[in-house]
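Scroll down for the structure; my scribbles are underneath it.
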Amino acid sequence: MRSFSDAFTLRRRSLLGMGLAAALPLGAHAQSFPSRPVTLVVPFPAGGSVDLIARLYAEPLAKALGTSVVVDNRAGAGGSIASAQVARAKADGYTLVVSSQSSHLANPLTQANTGYDPIKDFASIAQLARTPNVLVVNPAVPGKTFKEFLAHLKANPGQLNFCSAGPGSMGQLNVELLRNAAQFNAVHVPYRGGGPLVAALMANEVQFGLDNLAPFLPQIQAGKLRALAVAAPTRLSVLPDVPTFEELGYPVVNATSWIGLAAPARTPPEVLAVLYKAVRTVAEQPAMLEALQSRGALAPEALSSAQFTAMMSERLAVYGELVKRAGIKGE
């Protein structure tokens, strides 16, 4: 016959076993993840800056995670359609969105109903890159310097067109920010994504733009477009002769954009930790730093999820005021 002491010991072991069993699903997420391919949803057409950064990360991220990483372009509504789809996807870490200031800042501020909240509906994992913005013009436009171009703009109010990736996109907000600071008037012509707007600018359908450097850089280096100013902490090694907006006296326009990775809200913390570690491992590799720099991007900040979310909230507040004051509306 078992003694009271023996029975108590057996009961205690049983309870401990139940506790461990209850805890296993949480730990098991991290131990088993990933067990199949991970999809990076790019909510824009191929060729834009978000797509370029996503494809830079796909192969090294696959090695870091030990599974395939697939890039899936799902364009529409300036990034809102695909972002909303990811927000509603199963929160298991296998469907992620490559987030940006366009999809997670401009759209929620300018579109009537995106179908998602950039803070509440996502777990922001990590930055992939910081992307300088560039003021770029068609070479046929008078003015080889920012000062000369600005003088031409002011002398011809409403006669020059500027491009963006869509109504209410960051390209429009950037120019609006500069317009408020420099006091000029120009006509907004929206396109659907980075690739189409670069083509339009090269064809002189529009005369200038102020957007992410990455898709413009090859054409700038080929002499097919002219860069007049960059929004970056310092001059860029790929464009050493181009001044920053800070140098030109417009610090309000000098903030870099960001591209990051986000999962649906309620994704298990253990899975998010695996993804964060993989992203940071890749981001710190010399080959990645060199690849980002050669494409006009900057190394991402090592922000935690909480810090990333706080930064997004701050920018939503700043640009929210601009959108209200200018009455900007998206698609």
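Atom set for the values below is all heavy atoms of this structure, side chains included, hydrogens, waters and symmetry mates excluded. Position 1 is the first residue of the sequence; numbering continues from there.
- Put simply, V41 and V69 are part of two different groups of oily side chains (I, L, V, M, F, W, Y) that touch within less than 4.5 Å, one to the next.
- Using a 4.5 Å heavy-atom threshold, the side chains of T110 and K329 count as separate.
- Side-chain N or O atoms of R315 include none that pairs as donor or acceptor with a backbone N or O of M311 at under 3.5 Å.
- A donor-acceptor pair under 3.5 Å links the side-chain atoms of Q207 to the main chain of N161, judged by distance alone.
- By the 4.5 Å heavy-atom criterion applied to side chains, P60 and M288 are counted as neighbours.
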Start with the C-alpha gap between V86 and L96, add the side-chain angles, then the distance that decides, and say whether side-chain contact (heavy atoms from CB on, under 4.5 Å) holds. CA-CA 7 Å; V86 174; L96 310 173; 5.7 Å; no
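- Qualifying salt bridge (Lys or Arg N to Asp or Glu O under 4.0 Å) partners for E247, counting only residues two or more places apart in sequence or in other chains: R235.
- Checking N73 against D51 by side-chain atom types alone, a donor-acceptor pair falls below 3.5 Å.
- Remark: the T114 side chain and the N107 side chain contain no N/O donor-acceptor pair separated by less than 3.5 Å.
- For the pair A232 and T256, the tightest heavy-atom approach, listed with the atom from each and the gap, is CA-CG2, 3.9 Å.
- Atom CE in M170 sits 11.0 Å away from atom OG in S103 (nearest 0.5 Å).
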Trace of the side-chain contact (heavy atoms from CB on, under 4.5 Å) decision for L322 with N180: CA-CA 9 Å; L322 173 70; N180 283 346; 3.3 Å; yes
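- Under 3.5 Å, the side chains of T39 and D72 contain no donor-acceptor pair of N or O atoms.
- Taking the side chain as every heavy atom from C-beta outward, V230 and L239 approach each other to under 4.5 Å.
- With salt bridges taken as basic N to acidic carboxylate O contacts below 4.0 Å, none links K324 and E321.
- Salt bridge status for D121 with R266: absent, with no side-chain N to carboxylate O gap under 4.0 Å.
- To the nearest 0.5 angstrom, T145 atom OG1 is 9.5 Å from R226 atom CZ.
- The CZ atom of R74 sits 5.0 Å away from the CD atom of Q85 when rounded to the nearest 0.5 Å.
- Here the side chain of D117 pairs a donor or acceptor atom with the backbone of I119 at under 3.5 angstrom.
- Heavy atoms of other residues, nucleotides or ligands lying less than 6.0 angstrom from CD of Q285 number more than 12.
- Side chain of E301 to backbone of A126: no donor-acceptor contact under 3.5 angstrom is found.
- Rounded to the nearest 0.5 Å, atoms OG (S100) and CZ (F44) are 4.0 Å apart.
- Using modelled atom types, one side-chain atom of S169 and one backbone atom of G166 make a donor-acceptor pair closer than 3.5 Å.
- Taking each heavy atom of V98 and A54 in turn, the nearest pair found is CG2-CB, 3.9 Å.
- L201 has its side chain within reach of V136: a pair of non-hydrogen atoms, C-beta onward, lies under 4.5 Å apart.
- For the residue pair S305 / S124, no side-chain donor-acceptor distance below 3.5 Å is found, with atom types taken as modelled.
- Paired with L177 under the rule side-chain contact (heavy atoms from CB on, under 4.5 Å), one option of V252, V318, L210 passes, and it is V252.
- Between F122 and T267, every side-chain heavy-atom pair lies at or beyond the 4.5 Å cut-off.
- Closest non-hydrogen pair, R88 versus G115, comes out as NH1-O, 4.3 Å.
- For the atom pair S49 OG and D211 CG, the distance stands at 6.5 Å (nearest 0.5 Å).
- Within a 6.0 Å sphere centred on NZ of K154, heavy atoms belonging to other residues, nucleotides or ligands number more than 12.
- Residue L128 holds its CG atom at 5.5 Å from CG of L261, rounded to the nearest 0.5 Å.
- Taking all atoms of both residues into account, the shortest heavy-atom contact from W258 to S99 is CZ3-OG, 3.3 Å.
- Between F208 and F162, the ring-plane angle classifies as tilted under the 30° and 60° cut-offs.
- Shortest non-hydrogen contact noted between A291 and S294 is O-OG, 2.8 Å.
- Considering only heavy atoms from C-beta on, Y250 stays 4.5 Å or farther from T244 through its side chain.
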The test is side-chain contact (heavy atoms from CB on, under 4.5 Å); show your working for V38 and V70 and say whether it passes. CA-CA 6 Å; V38 172; V70 180; over 6 Å; no
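- Contact of the L275 side chain with the L65 side chain is registered, since non-hydrogen atoms from C-beta on lie closer than 4.5 Å.
- Of the possible donor and acceptor atoms, none in the side chain of E176 sits under 3.5 Å from a partner among the backbone N and O of Q172.
- Between Y116 and H104, the angle of the ring planes lies from 30° to 60°, which puts this pair in the tilted group.
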Using the rule given for side-chain contact (heavy atoms from CB on, under 4.5 Å), can you reason through R36 versus D92, listing the C-alpha separation, both sets of side-chain angles and the distance that settles it, and then say yes or no? CA-CA 11 Å; R36 53 188 172 85; D92 57 8; 3.0 Å; yes
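- Between the side chain of N254 and the main chain of F245, a donor-acceptor pair closer than 3.5 Å is present.
- At least one side-chain heavy atom of L292 sits under 4.5 Å from a side-chain heavy atom of L56.
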Tell me, with the steps shown, if S35 and Y94 meet side-chain hydrogen bond (donor to acceptor under 3.5 Å, both in side chains). CA-CA 9 Å; S35 59; Y94 290 101; 3.1 Å; yes
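- With respect to R280 and E284, a salt bridge is recorded, a charged nitrogen being found less than 4.0 Å from a carboxylate O.
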